[in-house]
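Worksheet: the structure to be examined is printed underneath.
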Amino acid sequence: MSSETSNAPERTDFIRDIVAADLREGRVAGVVTRFPPEPNGYLHIGHTKAICINFGIAEDFGGRCHLRFDDTNPAKEEQEYIDAIERDIRWLGFDWGGHLYHASSYFEQLYEWAVYLVEAGKAYVDDQTAEEIRAHRGTPTEPGRPSPWRDRPADESLDLFARMRAGEFPDGSRVLRARIDMASPNMHLRDPVLYRILHAEHPRTGDAWCIYPMYDFAHGQSDAIEGITHSLCSLEFKDHRPLYDWFIENLPVPSAPHQYEFARLNITHTVLSKRFLLRLVNEGHVRGWDDPRMPTISALRRRGFPAEGLRDFATMVGVAKADNVAEVEMLEHCVRDVLNRKAPRRFGVLDPLKVVIEDYPEGKVEEMDVPNNPEDPSAGSRKVPFSREVWIERDDFMEDPPRKFFRLAPGREVRLRAAYFVTCREVVKDGDRRIVELRCTYDPATRGGDAPDGRRPKATLHWVSAAHGVPAEVRLYTHLFRSPHPGAGDADVFDDLDPGSERVLARCVVEPSLAELRVGETVQFERLGYFCPDPESAPGALVFNRTLTLKDTWAKLQAQGRQDKV
RNA sequence: UGGGGCGUAGCCAAGUGGUAAGGCACCGGGUUUUGGUCCCGGCAUCCGGAGGUUCGAAUCCUCCCGCCCCAGCCA
C-alpha cells in the first residue's frame with residue numbers, strides 16, 4: 001500500500017517520522033497539510049523550503065496540501081502578491097488542486113467564535129491604547145498587569161465588540177483580547193489581542209469588515225476548519241503553540257490539528273526578509289521583485305534557475321531544528337546539476353575578438369554539425385554556420401601566455417569547437433597597442449574537430465561566425481551581497497550590497513539559433529555558463545541573463561596566482 | 001537571576017547504548033572536441049565543555065558554556 005518498503009534512499013526527517021507514526025498508530029486517517037502565505041510580498045527561496053515540506057509530505061503520504069492565504073491584515077496585503085504567489089508555487093511544480101482557501105473566507109465563523117469566547121468569559125474588549133497595553137504586558141522577566149477592563153461584564157464586551165464590527169469606533173480605539181494569564185512566562189499567553197479595528201479595504205472582502213482577526217486567532221482555527229492534520233511552520237512560532245492549542249481546546253472547532261515547527265532556511269550572501277526585500281525594491285537598489293539578483297522565486301525564474309534545481313536544494317538542506325545557514329554554493333550546485341543534464345549547448349561570445357582565417361576561402365560558408373548536449377545524445381545536433389571571419393572570446397588569447405595558459409597564443413594551434421584547428425600567425429593592433437584582430441591559418445583536414453594524424457590541441461574554443469552572429473546584450477549577475485553574512489554583527493546590510501553585482505555587456509554576439517530562444521528556456525553557452533533570455537529581450541534587441549557560470553578551474557588558478565604575487 | 005528552542009567536519013545533515021551515513025565546499029589523480037561533466041582517492045580517533053553510569057556513550061545522568069526566538073492592535 002504505502003511505499004515504506006521502497007528501496008529508494010528516501011530521505012526522512014523528524015516531521016516525516018511524526019507523520020508516519022500518527023498514520024501507523026491511527027491518530028489520523030490521512031495527511032492534510034497547508035502552505036499559508038500572507039500576500040504581503042513575493043515568495044522567496046526560504047518559502048521554497050516550506051512549500052516543499054508541506055506539499056512534499058502530503059505527496060509522500062498520499063494526502064493533500066492546501067494553499068491558504070493568511071490574509072488577515074489588509075493594511076499590507078495586495079492582489080499583485082496573491083497572483084504572484086499562485087504563479088510561483090505552480091511554477092515550482094506543486095498543485096493544490098481545488099484546495100485554494102483564504103483565512104478571509106472564515107471571517108464570519110471566526111467572529112462567531114470570538115463571541116463564543118466572550119460569552120464564556122474568556123475574552124473581553126479592552127479600551128486601552130496600544131501603548132497602555134504594551135506597558136501592562138510586562139517584560140520577559142516581569143509579569144504583566146491586568147487591564148482595567150479585564151473584568152468588564154461579558155454583556156458589555158459583547159455589545160462593544162458588535163459595535164466595533166459595526167464601525168462605530170476609530171482604528172486603535174479598542175481591541176478584543178483573550179483572558180488567559182497576564183503573569184504567564186510565555187508572553188503570548190498574556191491576554192493576546194484577538195481582533196483589532198482596521199478601516200481598510202480588503203483585497204477579497206472589500207469593506208465588509210472593519211475589524212480583523214490577528215494571526216493567532218485565525219491560523220489554528222482555519223487549520224481546524226479545513227481539517228489540517230499537521231500544521232507545519234517555522235521555529236519562531238514554537239512559543240505560539242500553547243495559544244494555538246488553547247483556541248483548539250476552548251472553541252467548538254470541527255477538528256484538532258497539531259502544529260510542528262522546523263528551522264527556517266538562511267543562505268549565505270543573501271537576505272531573506274520580506275521587509276528588507278521590499279526596501280530593496282522600493283529604494284531602487286534592484287530592478288524589481290523579480291530582479292535576477294533577488295532571492296525571490298520570481299527572480300530565480302527570471303534568472304534561469306530551473307524549478308527542479310530549487311526543489312533539489314530544498315531536499316538537500318533537509319528539515320531539522322538547528323539554526324542554519326546553507327552555503328549558496330549548494331543551491332548553485334543543484335541548479336548546475338539540472339542544467340548540465342538538460343540545457344542545450346549553444347555558442348555565445350561575450351567579449352568578441354576578431355579572428356581572420358587567411359587561407360579559408362572568402363565567401364565560403366560551412367554548416368558545422370554541433371551536438372546539442374554531450375550529456376544527452378537524444379538531444380541531437382544543430383547546424384552552426386562557419387566562415388572566414390569568426391569571433392572568439394578575448395580571454396581565450398594571450399600574446400605572452402603564462403605556463404598554465406593553454407588557449408590561443410602566437411604560433412599556437414587550438415581547436416575551434418566542432419570546426420577546425422587554427423593556428424595564430426599574426427596579432428594585429430591599433431594605434432593604442434590594443435589587439436584588434438588575429439590572423440590565423442587553418443588545417444582543412446581537421447573539419448569537425450578531429451585531426452587524421454591524432455594531433456590534439458590543448459584547448460578547444462567556442463566561436464561565432466562574424467557574418468552570421470547576432471548581436472546581443474548580456475547581463476552578468478553575481479551575489480547581491482559581498483559578505484557571506486550580510487549585516488552580521490553591527491554592520492548595515494546596505495553597506496554589504498555589491499554595486500558590481502550586475503554587469504551589462506552591450507556588445508556580445510551569439511549564434512543565429514539563439515534569436516529564437518524563448519523566455520523560460522535556459523541554455524549553456526559552451527565554456528561560459530548558463531544563460532536565458534530576459535523578459536525584456538526582443539527580436540533585434542536580444543537580452544540574455546547569465547544564470548550561473550560553469551565551474552572554472554582556470555579562473556581559480558588565476559585567482560590563486562594573483563594571491564601568490566601578494 | 002522569565003519562558004522556549006538548538007549545539008555532530010568550513011557549510012547542510014544522518015545517527016536515539018555497540019564503537020561517526022550522505023551531500024556541498026576543499027585538496028589530489030584519471031577521462032574528455034566545454035580548463036564543464038564524469039570517474040577514483042583524500043578530508044571528524046571524534047560528536048559545545050567537564051564529570052559520572054556502563055564491558056561499551058555522540059546517544060543515559062549531573063553541572064557548566066555558547067547561539068537563536070519571545071515584550072506588533074505583523075504574520
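Predicted model only: the values in this text are computed from it and were never measured.
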For [X] and [N], what is the distance between atoms [atom1] and [atom2] respectively, to the nearest whole Å?
| X | N | atom1 | atom2 | result |
| --- | --- | --- | --- | --- |
| K238(A) | rG2(B) | NZ | P | 19 Å |
| H269(A) | rC12(B) | NE2 | P | 14 Å |
| D181(A) | rG3(B) | CG | C1' | 12 Å |
| M316(A) | rC12(B) | CE | P | 14 Å |
| E329(A) | rG10(B) | CD | P | 16 Å |
| H479(A) | rA25(B) | NE2 | P | 12 Å |
| R456(A) | rU31(B) | CZ | C1' | 9 Å |
| L550(A) | rU32(B) | CG | C1' | 14 Å |

Hey, mind stepping through Q558(A) and Q560(A) against side chain to side chain donor-acceptor pair (under 3.5 Å) and telling me if it holds?
-> CA-CA 5 Å; Q558(A) 286 181 108; Q560(A) 284 168 3; over 6 Å; no

Give a yes/no on whether any side-chain N or O of [X] is located under 4.0 angstrom from OP1 or OP2 of [N].
| X | N | answer |
| --- | --- | --- |
| K49(A) | rC12(B) | no |
| K404(A) | rG35(B) | no |
| S184(A) | rG3(B) | no |
| Q560(A) | rC27(B) | yes |

Of N324(A) and K321(A), whose nearest nucleotide on RNA chain B comes first from the 5' end?
-> K321(A)

Want to settle it: does R407(A) or D17(A) sit nearer the 5' end of RNA chain B, counting the closest nucleotide to each?
-> D17(A)

Side chains of E86(A) and Y81(A), donor plus acceptor under 3.5 Å = no

Are D223(A) and S231(A) close enough that a side-chain donor and a side-chain acceptor fall under 3.5 Å?
-> yes

[atom1] gap between [N] and [M], integer Å:
| N | M | atom1 | answer |
| --- | --- | --- | --- |
| rU45(B) | rA20(B) | P | 12 Å |
| rG22(B) | rA9(B) | C1' | 13 Å |
| rC47(B) | rA57(B) | C1' | 11 Å |
| rU59(B) | rG7(B) | P | 13 Å |
| rA50(B) | rC55(B) | P | 23 Å |
| rG18(B) | rC60(B) | C1' | 14 Å |
| rG10(B) | rG72(B) | P | 39 Å |
| rG36(B) | rC27(B) | P | 12 Å |

Take nucleotides 68-75 of chain B nucleotide by nucleotide from the 5' end and write B, S or -, depending on whether a protein heavy atom sits under 4.0 Å from the base, only from the sugar-phosphate, or from neither.
-> SBSBSBSB

Anti versus syn assignment for rG52(B), with syn defined as within 90° of 0 | anti

What nucleic acid atoms does [X] come within less than 4.0 Å of, heavy atoms only: base, sugar-phosphate, or nothing?
| X | result |
| --- | --- |
| A320(A) | sugar-phosphate |
| F406(A) | base |
| T553(A) | sugar-phosphate |
| Q524(A) | base |

Look for any protein N or O under 3.5 Å of an N or O in nucleotides 38-42 of chain B and output each such pair with its distance, or none.
none

[N]: pairing nucleotide in any strand, Watson-Crick or G-U under 3.5 angstrom:
| N | result |
| --- | --- |
| rU31(B) | none |
| rA20(B) | none |
| rG2(B) | rC70(B) |
| rC60(B) | rG52(B) |

Charged N-O contact under 4.0 Å between [X] and [Y]:
| X | Y | value |
| --- | --- | --- |
| D337(A) | R341(A) | yes |
| D369(A) | K383(A) | yes |
| K274(A) | E38(A) | no |
| R264(A) | E236(A) | yes |
| R16(A) | D60(A) | yes |
| E393(A) | R407(A) | no |
| D127(A) | R152(A) | yes |

Any donor-acceptor pair under 3.5 Å joining the side chain of E327(A) to the base of rG10(B)?
-> yes

Indicate, yes or no, whether a donor-acceptor pair under 3.5 Å links the base of rU34(B) to the side chain of R345(A).
-> yes

Is the backbone N or O of R204(A) less than 3.5 Å from a side-chain atom of H202(A), with the two atoms forming a donor-acceptor pair by type?
-> yes

Of the listed rG35(B), rA14(B), rU33(B), the closest approach to the F405(A) side chain comes from rG35(B)

Evaluate the criterion ring pair (Phe, Tyr, Trp, His ring centres under 6.0 Å) for residue pair F305(A) and Y530(A); output intermediate values, then yes/no.
-> CA-CA 9 Å; F305(A) 282 31; Y530(A) 298 98; over 10 Å; no

